[in-house]
Amino acid sequence: MRLYEFEAKRLFRRFRIPVLDAVVVDGINEEELNKITYPVVVKAQTFLGGRGKAGLIKTAETRQEVESVIKEIIGESHGPYRIEKVLIEKKIDIAKELYLSVIIDRLEHKFCVITCSRGGVDIEEIARQSPELIHKYYFNASVRFSQFSARTIANGLGLSGSMLKSGAEVVYKLFNLFIGFDCKLAEINPLVITQDKKIYALDAKVDLDEDAMFRHPELKELGIQTRHEIGELTEREKLAKAAGIPYVDLDGDIGVFPGGAGFGIAAIDLIKHYGGSAANFMDSGGAPTQEKLRKMLGLLIDNPKVKAIFGARFGGISRCDDWAKALVQYVIENRPEKPMIMRMAGNMEEEGRRVLKEAKEKHPELFKNIKVYSVTTPIEEVIKETIRVAKAGRI
Amino acid sequence: MRLYEFEAKRLFRRFRIPVLDAVVVDGINEEELNKITYPVVVKAQTFLGGRGKAGLIKTAETRQEVESVIKEIIGESHGPYRIEKVLIEKKIDIAKELYLSVIIDRLEHKFCVITCSRGGVDIEEIARQSPELIHKYYFNASVRFSQFSARTIANGLGLSGSMLKSGAEVVYKLFNLFIGFDCKLAEINPLVITQDKKIYALDAKVDLDEDAMFRHPELKELGIQTRHEIGELTEREKLAKAAGIPYVDLDGDIGVFPGGAGFGIAAIDLIKHYGGSAANFMDSGGAPTQEKLRKMLGLLIDNPKVKAIFGARFGGISRCDDWAKALVQYVIENRPEKPMIMRMAGNMEEEGRRVLKEAKEKHPELFKNIKVYSVTTPIEEVIKETIRVAKAGRI
Amino acid sequence: MSIIIDEHTRTIVQGITGRNASFHTKLMLGYGTKIVGGVTPGKGGEEVAGIRVYDTVKECLQKHPDATVSSVWVPPGFARDAILEAIDAGIKTVVVITERIPVHDMLYVRECAREKGVMVIGGNTPGLISPGKSLVGMLPRITFKPGRIGTVARSGAITYYLANSLNLAGFGESTSVGLGGDPILGANFEDILHLFEADPATDAVVMAGEIGGVYEELAAPFIKKMTKPVVAFIAGKAAPQGKRLGHAGAIVEGEMGTAQSKIEALSANGAIIAQTLSEIPELLRRRLA
Amino acid sequence: MSIIIDEHTRTIVQGITGRNASFHTKLMLGYGTKIVGGVTPGKGGEEVAGIRVYDTVKECLQKHPDATVSSVWVPPGFARDAILEAIDAGIKTVVVITERIPVHDMLYVRECAREKGVMVIGGNTPGLISPGKSLVGMLPRITFKPGRIGTVARSGAITYYLANSLNLAGFGESTSVGLGGDPILGANFEDILHLFEADPATDAVVMAGEIGGVYEELAAPFIKKMTKPVVAFIAGKAAPQGKRLGHAGAIVEGEMGTAQSKIEALSANGAIIAQTLSEIPELLRRRLA
């Protein structure tokens with residue numbers, strides 16, 4: 001989960017990484033703006049880089065200027081984001097800009113500190129053009145990070161004298177923040193040294209491990225909540241999120257009601273391969289409850305773009321009987337008319353089939369648009385059938 | 001540095017190891033005693049074990065009783081200690097008593113958790129008589145202590161069901177306390193389980209590493225100060241301690257003014273071997289300042305029991321010139337009459353000799369009782385000479 | 001023959017008293033898997049499906065020293081500790097069903113496992129099966145049949161559909177291994193390919209990967225060295241870039257994690273790329289002919 | 001020949017800009033010790049006694065890759081980090097002058113050192129000297145003369161008096177090693193006895209221990225296996241039980257730490273026990289005759 005700059009800087013403050021005094025506003029907030037001493041830099045809060053080039057970082061010398069800059073930036077778009085907040089920091093005299101980050105290197109399965117003596121610019125660009133400027137230092141997850149490593153890293157950045165010590169301090173603290181908050185990324189770009197030999201994290205980027213949030217209640221104290229991280233959510237995505245269902249809207253007309261995420265991704269490929277178009281990505285998670293399964297189904301049925309639903313349940317940790325019961329209850333309660341082409345196989349399949357059969361005998365009219373194939377029909381035949389139905393508009 | 005039970009329990013509380021509600025008093029403190037609900041156990045605070053047998057743990061059912069018990073215990077002697085405080089805890093119904101400790105095993109160079117299913121008694125006694133009841137678990141200093149280790153240890157204590165979990169919690173927290181406060185020992189004897197299935201550290205013993213105190217400012221917050229740990233201090237020992245000089249009073253008449261601690265110990269042996277008797281142990285530490293050296297000398301000169309002083313300086317990290325200057329200044333300022341038989345060799349010896357020679361030429365009368373041998377006289381000859389002088393009462 | 005587990009393998013179940021674990025313990029026993037004990041701290045002495053529950057893995061192994069495989073079903077916050085407990089007690093293969101284990105925890109666990117020569121499979125794996133011999137995890141038995149194709153996949157459901165496609169076309173599996181869907185895994189494609197290459201009962205391997213991570217790319221060079229054919233199916237070709245699709249392992253990250261990058265790396269090293277599941281049997285047949 | 005250091009040894013000094021370190025750097029250089037660089041973080045580029053100061057050990061070793069020994073003079077709170085830095089950078093012998101290093105720190109450092117095959121001597125050691133060849137630490141040169149006796153002691157001053165007694169009687173040292181006075185040490189008696197036993201330039205060993213700790217007892221069994229005579233001097237026979245004498249290493253703890261226990265263990269394994277320093281040369285002479 002990526003954090004906004006102003007959120008990341010709250011973590012920095014907790015670990016005493018030096019950041020500039022700042023205020024965050026979502027408009028002309030008198031009280032906050034009264035705290036400012038000029039000149040200042042006003043920075044749009046967004047998840048994307050390249051804010052400078054996009055005109056989303058501006059300086060202001062006076063109250064009048066700062067107000068006009070705030071009005072100008074807030075509400076602007078930046079890629080998929082609408083700017084809602086700006087961070088206002090004192091403008092400082094920069095002598096040097098550096099780059100520093102800690103990441104997880106998934107090739108090496110280690111923590112990796114990356115530095116560059118040229119900061120404030122696109123680091124990937126530098127890595128391509130001047131790879132010799134980039135230093136990498138690897139650390140095993142089982143080893144305690146030592147002060148000497150921090151000094152060696154600061155030394156590699158060309159720092160010396162008192163700056164070696166304050167630079168090493170920042171490296172040490174950033175690494176500890178990375179560990180302490182279960183980060184996937186903790187980045188300072190640029191790390192600046194001022195004319196008067198002070199060091200500040202001028203920008204801050206943090207990407208947290210969603211799966212470790214349960215052990216960081218302190219994030220809530222810091223006012224940081226779990227959120228969808230990339231792009232704005234559609235209304236349906238918001239509904240799904242509220243129900244704890246990973247869900248992404250796509251452009252097609254076939255609603256995909258799969259088992260796990262991996263097959264959900266494959267199903268989108270296969271639908272495209274056979275000439276159809278998926279309306280969504282969705283994941284049921286490990287062993288969904290019947291209630292969750294009904295909610296998942298509802299998301300698809302209620303989507304006006306969806307012409308047919310492709311469903312697949314291969315019971316592993318999830319059980320076919322739960323799935324069948326959820327389907328039956330949903331159908332009886334909501335009487336959907338959209339065709340559903342499904343396939344059910346795996347653990348507790350027999351019991352699932354019994355549930356479906358009983359319901360169909362009892363409410364034949366409700367199940368006339370629903371087909372549930374078994375393990376003997378290849379999954380891709382079911383997909384092809386769904387595409388045919390979606391195009392025809394009926395079974 | 002050993003802690004009193006009530007101090008150790010403050011550390012326990014910080015690590016959420018369950019202890020009973022308690023008050024600590026050094027007499028009839030109305031305010032504190034009003035907090036008590038009866039019956040209670042009144043426990044003398046002392047560094048030695050065997051308080052029960054010594055009659056220093058007593059129960060009381062009423063306010064009247066508790067006051068009389070307090071008056072009885074405070075002021076009592078226990079080995080070399082005078083009881084100054086008592087801890088008053090609620091009396092509980094004990095179902096089971098266990099033993100649990102974490103120590104540093106200097107043979108293995110590892111941390112070691114020791115458990116015994118029989119607690120509340122002398123553990124060394126059990127180790128001798130029923131060694132099969134004692135379990136030891138070793139842990140490397142570089143490895144993080146895991147919850148599963150705590151469970152395995154609790155399991156080895158015969159705990160099961162909900163008690164397994166609460167026992168493992170105590171093990172886990174005690175180990176973390178041991179690490180967190182740089183302990184040499186953290187012991188709970190007994191760890192009790194009550195009739196209603198609660199677990200408490202009924203006693204608490206903690207021995208801290210003096211050399212790690214600098215990184216535990218939190219001890220001060222907890223009201224725990226550095227102190228001499230074994231026995232009561234003599235007045236001279238208190239003076240030495242205030243000056244940061246390791247010093248122990250002994251029974252003899254030869255004041256020992258050595259270099260390091262190791263030779264200080266050897267000198268006591270050698271004085272005894274040659275028929276003399278040392279008046280003290282003393283250690284100058286790594287590289288003493290001249291001021292510290294003068295204070296060391298003063299401790300010996302001012303001791304009426306001391307008839308002669310044996311001094312030895314082998315300049316290593318300490319320097320002969322510093323030593324000589326300190327001696328000269330002390331002699332000029334204090335004009336001591338006690339004979340001093342010394343030997344000086346090692347780093348900066350030449351400069352030291354020059355300093356001594358000049359002073360002696362300037363103040364011959366002050367140095368008439370002072371002899372400073374050189375590297376060519378064996379140290380044991382100097383010791384023998386000092387013994388002779390001490391017996392004769394003059395050079 | 002088969003890899004990792006066979007009819008002689010003794011296994012234990014960590015977190016056995018949980019809802020899913022106890023249900024699947026019954027299914028595993030029904031399949032013939034030799035489960036000798038379960039572990040749930042604080043529930044020592046209870047029984048699940050006739051299997052004795054112990055408080056610690058150590059105690060369990062003292063009673064059943066022949067157990068070499070453990071499956072871990074505990075909640076994610078306890079997974080690291082449970083895996084370390086299994087490793088410390090002497091278990092040789094740990095099958096981690098638990099999903100969404102914190103990334104830092106898995107990095108730590110991987111190091112301890114590698115140091116002790118222990119294979120950790122998962123997290124978020126459906127488990128593995130050597131059809132007709134043993135099943136450790138929660139794979140549906142119905143779809144797997146004894147045979148001579150080894151399969152290895154990241155996604156659970158794809159593991160099932162692979163076997164289903166193979167079986168409908170007359171093939172069966174020597175062993176099917178689910179690597180797991182979490183972003184940091186214990187065993188990876190390369191580890192399993194090594195075992196299949198050495199297994200006399202395996203004629204060919206089908207591997208199924210998906211966007212995100214780098215495990216497919218890392219395995220590619222070894223495929224070149226293999227004597228057995230490898231068919232690869234990669235999911236996520238149609239996934240929109242930058243959209244987060246379900247589990248964290250499926251985030252498209254950099255150039256290395258894309259379906260394109262994986263397909264190119266695998267194909268360049270001699271893997272046969274399958275576009276659909278149903279064409280896999282035909283691709284195998286051609287290479288094995 | 002000699003052990004650990006000789007005339008070819010290149011050394012560095014960590015904490016070189018401190019008062020004691022810079023003073024003793026001059027003395028070491030005066031003795032002929034080959035110091036190639038110093039390290040003090042934040043003082044890179046300065047010079048001490050003509051020796052270049054670096055910010056990190058790594059940088060120092062990049063410029064002087066032939067350095068194998070480091071002496072550490074930093075304050076106790078920084079010792080652990082400095083020793084780990086030396087080990088990480090590839091130093092093979094770390095001589096820790098710093099005294100009163102926290103016990104937990106030294107336990108951790110010991111493990112890292114053993115894992116990497118690095119010898120850590122100290123903490124609270126005066127250092128070591130191979131007379132006429134090299135001196136690392138702060139031992140007073142005047143008392144040491146080239147010869148064929150190896151000495152090893154915990155206390156600094158006793159190291160000096162040992163050599164002094166030997167020299168006054170016509171002996172000299174191959175190497176004299178101070179183990180250090182801290183309670184947890186890197187190298188112990190046994191480690192050094194092994195080296196002396198293997199050193200062709202050493203005819204006999206004098207070891208001096210003292211009350212507290214267990215290093216003397218731990219070394220005793222090896223003495224039995226040695227071909228060279230070992231004379232042992234143990235300080236603390238007259239120390240009152242339970243009194244804390246100076247540094248923590250000298251606390252009498254349990255039955256194992258007493259002078260009596262040490263003397264018995266050493267004597268039972270063939271060490272010759274010296275009651276005084278002055279009788280050591282005679283004891284040696286008798287055994288070497």
Side-chain angles (χ1 to χ4, degrees), chain A residues 104 106-107 109-111 124 140-142 179 182-184 209-212 214-215 228-231 246 248 250 258-274 278 281-283 285-287 312 314-320 345-347 349 375-381, chain C residues 19-20 23-24 27 76-77 97 99-105 107-108 110-112 124 126 137-143 153-158 160-161 164-165 168 181-184 208 210-211 213-214 218 233 235-240 242-248 250 256 275-278:
Chain A
I104 289 167
R106 287 168 54 156
L107 283 131
H109 284 103
K110 291 182 178 185
F111 301 137
E124 286 174 51
N140 286 344
S142 65
I179 299 297
D182 273 292
C183 296
K184 295 192 287 189
D209 180 5
E210 291 82 351
D211 296 342
F214 67 87
R215 63 182 168 208
H228 195 273
E229 66 178 26
I230 297 163
V248 180
L250 302 175
F263 182 67
I265 295 169
I268 298 169
D269 286 0
L270 292 170
I271 289 170
K272 187 176 173 197
H273 182 83
Y274 290 112
F281 165 81
M282 181 151 68
D283 178 16
F314 219 129
I317 197 159
S318 57
R319 297 161 51 154
C320 291
N347 288 333
E349 178 177 345
V375 75
T376 52
T377 306
I379 187 70
E380 281 152 336
E381 293 305 315
Chain C
R19 178 180 181 270
N20 288 321
F23 175 72
H24 284 283
L27 293 188
I97 311 298
E99 62 177 324
R100 301 188 62 126
I101 299 170
V103 165
H104 289 216
D105 287 2
L107 289 173
Y108 184 85
R110 275 186 114 254
E111 277 175 34
C112 299
N124 193 6
M138 59 200 189
L139 307 95
R141 57 183 294 176
I142 186 176
T143 198
R154 274 166 65 191
S155 150
I158 290 182
Y160 315 155
Y161 287 111
N164 196 206
S165 294
L168 289 173
D182 268 5
I184 300 290
E210 60 192 61
I211 48 170
V214 295
L218 288 177
F233 175 81
K237 296 186 288 288
K243 284 258 181 182
R244 180 183 160 86
L245 299 184
H247 55 77
M256 239 194 165
Q275 297 301 326
T276 66
L277 295 167
S278 52

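Keep in mind that the numbers below use all heavy atoms, side chains included, and drop hydrogens, waters and symmetry copies. Reminder, nothing fancy here: chain letters follow the sequence lines and each chain counts from 1.
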Is [X] in contact with chain C via its backbone, its side chain, both, or neither, using a 4.5 Å heavy-atom distance?
X	result
A:Glu381	neither
A:His273	side chain
A:Phe314	both
A:Ala312	both

Which answer fits [X], side chain, backbone, both or neither, if we ask what part of it has an atom under 4.5 Å from a heavy atom of chain A?
X	value
C:Leu168	side chain
C:Ile101	backbone
C:Ser165	neither
C:Arg19	side chain

Original post:
Does A:Asp182 reach the side chain of C:Val103, with side-chain heavy atoms less than 4.5 Å apart?
Top reply: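 No, side chains not in contact.
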**OP:** Under the side-chain contact (heavy atoms from CB on, under 4.5 Å) rule, collect the residues that match up with A:Ala266, sequence neighbours excluded.
**Re:**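 For A:Ala266 the side-chain contact (heavy atoms from CB on, under 4.5 Å) partners, ignoring immediate neighbours, are A:Phe263, C:Ile158, C:Phe233, C:Ala235.
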Subject >> Heavy-atom pairs under 4.5 Å with chain C, option from A:Asn140, A:Ile271, A:Ile179 with the top count >> reply: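 Among A:Asn140, A:Ile271, A:Ile179, the one with the most close pairs to chain C is A:Asn140.
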Original post:
How far does CZ of A:Arg215 sit from CG of A:Asp209, to the nearest 0.5 angstrom?
Top reply: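 Result: 8.0 Å between the selected atoms.
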**OP:** Mind ranking C:Gly137, C:Gly236, C:Ala153, C:Ala157 by heavy-atom pairs under 4.5 Å with chain A and telling me who comes out on top?
**Re:**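 With the most close heavy-atom pairs to chain A, the winner is C:Gly236.
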Subject >> By ring-ring contact (aromatic ring centres under 6.0 Å, His included) - contacts of A:Phe111 (at least two apart) >> reply: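 Partners of A:Phe111 by the ring-ring contact (aromatic ring centres under 6.0 Å, His included) criterion, ordered by chain and then number, come out as A:Phe178, C:His104.
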